[in-house]
Number of protein chains: 2
Amino acid sequence: MRVKPLLYEVVANSIIRYIEAGNITAGERVPSLRQVSARHGVSVSTAAQAYVAIENRGLIVARPKSGFFVAPRSLLNIRELQPSRPGKRPTRIRSGDIRSRIIEIASDPDILPLGAATPGPELIPFTQLNRTMASACRRARAAALGYSHPAGCDALRHQLARRSLHWGCQLSPEDFVVTSGAMEALSLSLRATTRQGEIVALESPSFFGVLQAIEALGLRVLEIPTHPRTGLDLSQLATALRSERIAVVLSAPSFNNPLGSCMPTENRRRLLELVMKHQVPLIEDDTYGDLPFPPMSRPRAVKGFDTEGFVLHCGSVSKTLAPGWRVGWVAAGERYYDKIVRLKTSNTVTTATPQQLALADFFRDGDYDRNLRRLRRSYASQVQQMSDAVAKYFPPNIRLSRPRGGFFLWIELPKKVKSMTLHAHALAQGISIAPGSVFSADSRQFDNFIRLNCGLPWSGRVEDAVTVLGALVKKLDRA
Amino acid sequence: MRVKPLLYEVVANSIIRYIEAGNITAGERVPSLRQVSARHGVSVSTAAQAYVAIENRGLIVARPKSGFFVAPRSLLNIRELQPSRPGKRPTRIRSGDIRSRIIEIASDPDILPLGAATPGPELIPFTQLNRTMASACRRARAAALGYSHPAGCDALRHQLARRSLHWGCQLSPEDFVVTSGAMEALSLSLRATTRQGEIVALESPSFFGVLQAIEALGLRVLEIPTHPRTGLDLSQLATALRSERIAVVLSAPSFNNPLGSCMPTENRRRLLELVMKHQVPLIEDDTYGDLPFPPMSRPRAVKGFDTEGFVLHCGSVSKTLAPGWRVGWVAAGERYYDKIVRLKTSNTVTTATPQQLALADFFRDGDYDRNLRRLRRSYASQVQQMSDAVAKYFPPNIRLSRPRGGFFLWIELPKKVKSMTLHAHALAQGISIAPGSVFSADSRQFDNFIRLNCGLPWSGRVEDAVTVLGALVKKLDRA
């Protein structure tokens, strides 16, 4: 089903033809948004949408505070990823220890954590956050050390309800259960919606933490073909929902880890219709939802369309603020709220109080939004610099994601290069990567893929690491 | 099998006969430890053991800093609890919401939390703890906000290894996985040792959080008869291990919640032999182990006898320091460590960093031990005052626990008094209690029991609440 092209797509296609005709060359600045707006008779925001679409195809790059430029020739030559084609049968996951090991390696200060999913410490406003926590605890006195309500502190739930307007939702404080990070939110949501042996449908590739939780709960997965730019293939999902008894759909529509894809608004609406039609709940992993690359605005959560309580919306501040605070949440909706609270109390009783109080203050005072604006620019520029470096130092026969948010690159290496071998070689040189095999229940599917963390500010050390990785890939490809 | 009485038991029996003969009367001071030591030709510490044993029978009471006195006549008249007699078949738990509701009520500032399991805020050195955390975070800078190693911060694991000497263990930092409170430690330990539908053998009554976790994991329980003073009945456990296929034994040998019982050292050794003989792991809930009433010293953990890695030892600082920090641990032993780490990462990734750093400092500087000494005296005296008040205001046809540590009283009410009815009436008057029915898979077994929280400093408000409860019990008994 092909929808009529939207206005910004028409504009984008016209500009693409203009660039491809050689009218502007690599590294040159493209016309400003205002010029595009005037020339095509569209609004500035439509012009911005058009540029994001073009950027997404890798033809132009945004340089923070300077505007858009035609991509360096090298990146233009790197092919984009193709949609994934996972197996069509539900499977159990057998992981071994590699997934835990990746997290373990990420905390080793001697390893450059390109395999981690953490912002660089330089991007964390740590002085301000530590002060905010100290002052919140001082004010709360003994209450800072007592249990909160099992669903979380009132002040934080109130702030989350206010923030939900940014996600296109209108949630109330009573909709939220605060959790020990998004991982607990996802794990409790899986437990609330499944029984052992049942099937979870999800994107392929998917965040390995989710796969690990699914394995630990004795569930099976059915991976759905996923487009590197638009996410879950909904017609394939529809087929799966008709042919298999699926207990729950788990999706990260906004900047899925590792692809950085973003599901179009229309697809979000259709995704919700689909799960409602089949009476299957949807766990929406919105961990990266706050991290679109400027000028794109925050995508509306699928939860925002949900009037019947089918969506369990999970989020956290681990990728935007402070992973070590371990604060996340699930807005479970009427159908699952009570069950989630019961599971929460028998899992960790309540979430730690000091960081709940501190986060509520940080939200309330607007510090979170100020920080987020800075962070989104940093991530966008770091992903761009990493892409350029990969294009420069890796062999040309790779494929590269064009993420629209988050801070990962997903790279398809030549078929011969096994990501676990590359992982071992890279570690020996003090660099971690996330091997593609852990992002699927079928370890062969992404055997020649890797995920790179672009959460670290660009530096000589990072560039050197990409050089080393590129050389290793070339060597393994020739071996 | 009856063991030969130990020296302190011989001394204790001689003193009991002396008191029961009326030589010293209610409220009078008993001979000093030095006098007992001289008269019976035993060491002062044996004399102290004898007094603890007598105190445990409710004949004498310790008044902090003043020594031992013959118990007030009223308490002497209150019968002690009998061993529990749970059903002999493994059962599934159907809880409804009451267990979560108890925790929810505990955070309501308008309710006097006699149903909670929390220390009074006055007993938490909150200024010091808040300062310790602020300064630990300031020093750690950005690291205070990053993920720790999945098993926990090095500094805290190092301190836990040092503390394990107090428990009669010699654990190394690498034995520990830091968790979000003891609840996560217990929940992960259950998940590491069982599969859905399998049987957990445990004390009866048992902490309802554990029952809730067992329910959530789809396990079955087999409750073992439990003695109010010495804990698990080992011959009954032996029978159960022979006749049922038990996946794991879960026990709180030190001051089990709600009984406050303490398993004798010899029994601890036998418990370990028993599980080893049947090749069944033991989850040791040592949450209250640090809280014996003075002058009793800290009991040796069963883990201290474990040379083969059969014991998963779980603890936390939620009952001794700061429930809202959510820091606990499990020393899982070789057999289960890797599995626990995997489950931890897919459950909450890591435990929050700021409180791990703060707790390591608090342990290191001796502040924890200083606080503990004060706390143990407070809990002992609060339990004593609560016991006296219950004896005074409740009808005489009740039975009362004689806890040896922790901060609970477990009360058997007249048969006619349903604890859920009492719970509802008490709530209407602004008082929470923990109804006995939630401490067993069989909600009828302890239907006429309640648990009272003695974690609050004694006050007119607490005494008034006991008066109200006593009057309600009398009314319901007559109704």
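Naming: A, B, ... by sequence-line order, numbering from 1 per chain. Below, all heavy atoms of this structure are taken into account, side chains as well, without hydrogens, waters or symmetry copies.
- With a 4.5 Å cut-off on non-hydrogen atoms, A/Thr127 does not touch chain B at all.
- The most heavy-atom pairs under 4.5 Å with chain A, out of B/Glu122, B/Arg131, B/Glu184, B/Gln196, come from B/Gln196.
- For B/Gln356, no part lies near chain A; criterion is any non-hydrogen pair under 4.5 Å.
- With respect to chain B, the highest number of heavy-atom pairs below 4.5 Å among A/Pro125, A/Ala216, A/Ala185 belongs to A/Ala216.
- Counting heavy-atom pairs closer than 4.5 Å to chain B, the top-ranked of the candidates A/Ser180, A/Ala151, A/Gly218 is A/Ser180.
- In terms of heavy-atom pairs under 4.5 angstrom with chain A, the leader among B/Met183, B/Gln355, B/Lys339, B/Arg138 is B/Met183.
- Here the closest non-hydrogen pair linking A/Ala352 and B/Trp325 is CB-O, 3.8 Å.
- The candidate with the highest count of non-hydrogen atom pairs below 4.5 Å against chain B, out of A/Ile124, A/Asn347, A/Thr179, is A/Asn347.
- Annotation for A/Gly146 and B/Pro323: closest pair CA-CG, 4.4 Å, computed over non-hydrogen atoms.
- Between the side chain of B/Arg326 and the backbone N or O of A/Thr350, at least one donor-acceptor pair lies under 3.5 Å.
- A 6.0 Å sphere centred on CZ of A/Arg141 holds no more than 12 heavy atoms belonging to other residues, nucleotides or ligands.
- Only the backbone of B/Thr351 comes within less than 4.5 Å of a heavy atom in chain A; its side chain stays farther off.
- If you measure heavy-atom distances from B/Arg191 to chain A, the contacts under 4.5 Å come from the side chain alone.
- Listed options B/Ala134, B/Ser187, B/Cys137, B/Ser318 were ranked by heavy-atom pairs under 4.5 angstrom with chain A; first place goes to B/Cys137.
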